[in-house]
Amino acid sequence: MPELAEVEFIRKRWNPGLGHPVTRILVHEKAGVFRGTDPALLAKRLRHATLVSSAAAAKQMLFRFTLADGTAADLGVHLGMTGELTAQPAGYTPLKADHLILIQRERALVFSDFRMFGRIQFALGPEFPAWWTAIAPPILSPAFTPAALSAFLARRARAPIKPVLLMQERFPGIGNWMADEILWRAAIHPRQPAGSLTAAEQKNLYREIRGVARRALSTIGETLADPPKSWLFPHRWEDGGRCPKTKTPLARADIGGRTACWSPARQKLHP
DNA sequence: TCCTATGTTGTATG
DNA sequence: ACATACAACATAGG
């Protein structure tokens with residue numbers, strides 16, 4: 001379930017472990033979530049380390065530890081499609097899809113992911129690793145300007161706008177449901193070529209990208225509660241779903257390899 | 001059996 | 001080199 005705001009919420013699931021040392025670690029060394037990292041090294045170094053802080057950016061999380069010798073270490077988590085973080089009581093019995101468990105005296109911090117599209121990364125030292133610092137600046141930061149949006153749309157001119165919104169290099173944290181929500185609010189057809197948006201559409205798109213990100217973070221990011229019925233979100237997967245604005249039937253199709261959902265009554269293709 | 005799933009990445013093609 | 005399209009990754013559930 002993880003896009004921008006879900007990731008921010010799920011990050012906080014490990015908050016009960018802040019300030020506490022890890023006493024023991026369980027890893028599924030052969031799990032695909034460790035591709036590109038050495039799970040044995042991770043397990044060795046994080047034993048007796050203390051979790052000191054965490055952060056979320058785009059769809060990724062970073063957990064910082066202080067090792068017994070004072071060294072800093074960073075654990076990166078990407079949830080992929082089905083990744084989860086939970087904090088479980090002491091004595092927790094691991095399940096099949098639990099690939100990394102950090103055991104503390106009073107709890108177990110669990111990463112599970114049955115599909116294994118998620119990813120665990122690990123780095124030692126005080127500098128933040130490249131896989132963290134390379135994440136694009138947040139949509140709600142001053143770096144995300146109308147000019148930056150326009151320039152990006154121009155460079156992706158022939159591609160349908162929907163898959164363009166999924167590009168993390170410019171829209172960090174936007175995923176399939178947020179992209180559909182944004183286009184629905186901005187009244188732009190998901191197949192509209194990115195380079196063919198009018199000035200008015202670009203303005204609306206900019207506003208809705210920021211608006212959906214802000215509202216998602218302030219609601220889902222705090223409680224994980226589903227957005228209200230006035231959003232596209234609760235209707236996009238239901239059979240016979242209707243647009244909350246026009247009450248007309250929603251349409252669904254594969255666009256750029258993902259299922260897009262839109263309201264034909266308010267999102268029309270134009271030259 | 002076949003289809004779907006809130007994601008990324010490697011490869012082929014233009 | 002760059003933009004675009006698409007298969008592949010792995011698993012559960014309808």
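First the proteins, then the strands, lettered A, B, ... as listed; each starts at 1. All heavy atoms count here, side chains included; hydrogens, waters and symmetry mates do not.
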(request) Look at A/Lys59 and B/dT8 and indicate whether a side-chain polar atom (N or O) is within less than 4.0 Å of OP1 or OP2. (result) yes

(request) Using only side-chain N and O atoms of A/Gln168, determine if any of them is under 4.0 Å from OP1 or OP2 of B/dT8. (result) yes

(request) Could you state the atom-to-atom distance from CE of A/Met81 to P of C/dA8 in whole Å? (result) 17 Å

(request) Round to the nearest Å and state the distance from A/Met167 atom CE to C/dT4 atom C1'. (result) 8 Å

(request) May I have all residue pairs that pass ring-ring contact (aromatic ring centres under 6.0 Å, His included) and include part of residues 74-111 of chain A, sequence neighbours excluded? (result) A/His28-A/His99

(request) Tell me, please, which residues at least two apart from A/Ser218 pass side-chain hydrogen bond (donor to acceptor under 3.5 Å, both in side chains). (result) none

(message) Measuring from atom CD of A/Gln88 to atom CG of A/Leu95, what distance do you get when rounded to the nearest 0.5 angstrom?
(response) 8.0 Å

(message) Does B/dT6 have OP1 or OP2 under 4.0 Å away from a side-chain N or O of A/Trp237?
(response) yes

(message) Would you say A/Thr259 places a side-chain N or O within less than 4.0 Å of OP1 or OP2 belonging to B/dA5?
(response) yes

Distance-only donor-acceptor hits, side chain of residues 127-143 of chain A, under 3.5 Å, sequence neighbours excluded:
unit_1   : atom_1 : unit_2   : atom_2 : d
A/Thr133 : OG1    : A/Pro129 : O      : 3.4
A/Ser141 : OG     : A/Pro138 : O      : 2.7
A/Ser141 : OG     : A/Ala143 : N      : 3.4

(request) Could you pull out all residues at least two apart from A/Thr246 that satisfy side-chain hydrogen bond (donor to acceptor under 3.5 Å, both in side chains)? (result) A/Thr248

(request) Report yes if a side-chain nitrogen or oxygen of A/His78 is closer than 4.0 Å to either non-bridging phosphate oxygen (OP1 or OP2) of B/dT8; otherwise report no. (result) yes

(request) State whether the number of non-hydrogen atoms from other residues, nucleotides or ligands found under 6.0 Å of A/Lys203 atom NZ is greater than 12. (result) no

Taking only nitrogen or oxygen atoms into account, show me every contact under 3.5 Å that the protein makes with nucleotides 10-12 of chain C, one pair per line with its distance.
unit_1 : atom_1 : unit_2   : atom_2 : d
C/dA10 : O4'    : A/Arg115 : O      : 3.2
C/dA10 : N1     : A/Arg115 : NE     : 3.0
C/dA10 : N1     : A/Arg115 : NH2    : 2.4
C/dA10 : N3     : A/Arg115 : NE     : 3.1
C/dA12 : OP1    : A/Lys96  : NZ     : 3.3

(message) Contact list please: residues 146-163 of chain A against DNA chain C, heavy atoms, distance less than 4.0 Å, in numerical order.
(response) A/Arg155, A/Arg156, A/Ala157, A/Arg158, A/Ala159, A/Pro160

(message) Heavy atoms only, 4.0 Å cut-off, all strands: where does A/Gly257 land among base, sugar-phosphate and nothing?
(response) nothing

(message) Can you measure A/Phe34 atom CZ to C/dC9 atom C1' for me and round it to whole angstrom units?
(response) 17 Å

(request) Kindly express the pairing pattern of DNA chain B in dot-bracket notation, using | wherever a base pairs with another strand and counting only Watson-Crick or G-U pairs under 3.5 Å. (result) .||||.||||||||

(request) Figure out the CG/C1' separation between A/Leu217 and B/dT6, and round it to whole Å. (result) 14 Å

(message) A quick test of your reading: do over 12 heavy atoms of other residues, nucleotides or ligands sit less than 6.0 Å from CZ of A/Arg45?
(response) no

(request) Report the residue from A/Ile101, A/Leu102, A/Ile103 that forms a side chain to side chain contact (heavy atoms under 4.5 Å, CB included) with A/Arg24. (result) A/Ile103

(message) Quick test of your reading: applying side chain to side chain donor-acceptor pair (under 3.5 Å), list the pairs with at least one residue in residues 100-121 of chain A, sequence neighbours left out, ordered by first then second residue.
(response) A/Thr82-A/Asp113, A/Gln104-A/Arg107

(message) I'd like the P distance from C/dA10 over to B/dT11, given in whole Å.
(response) 15 Å

(request) To the nearest Å, give me how far apart CH2 (A/Trp177) and C1' (B/dG7) are. (result) 15 Å

(message) In this structure, how many angstroms lie between the P atom of B/dG7 and the CD atom of A/Glu6, rounded?
(response) 9 Å

(request) Would you kindly give the CD-to-C1' distance between A/Glu3 and B/dT8, to the nearest whole Å? (result) 13 Å

(request) Quickly work out the A/Arg191 CZ to C/dT4 C1' distance and round it to whole Å. (result) 15 Å

(message) Say we look at B/dT6 and C/dT4: how far apart would their P atoms be, to the nearest angstrom?
(response) 23 Å

(request) Determine which pairs satisfy side chain to side chain donor-acceptor pair (under 3.5 Å) with at least one residue from residues 226-236 of chain A, sequence neighbours left out, and list them in order. (result) A/Asp180-A/Arg236, A/His235-A/Glu238

(request) Examine A/Lys268 relative to A/Trp262 and say whether NZ or CZ is less than 6.0 Å from the centre of the six-membered ring and inside a 45° cone about the ring axis. (result) no

(message) Checking A/Asp254 now: which residues fulfil side-chain hydrogen bond (donor to acceptor under 3.5 Å, both in side chains) with it, not counting sequence neighbours?
(response) none

(request) Between protein and nucleotides 9-14 of chain B, map the contacts as a letter string: B base, S sugar-phosphate only, - none, heavy atoms under 4.0 Å, written 5' to 3'. (result) S-----

(message) Would you call the rings of A/Phe152 and A/Phe171 parallel, tilted or perpendicular, taking 30° and 60° as the class edges?
(response) perpendicular

(request) Using the test side-chain hydrogen bond (donor to acceptor under 3.5 Å, both in side chains), find all partners of A/Glu8 that sit at least two apart in sequence or belong to another chain. (result) A/Arg11

(message) Looking at A/Ser150 and A/Pro146, would you say the former's side chain and the latter's main chain have a donor-acceptor pair under 3.5 Å?
(response) yes

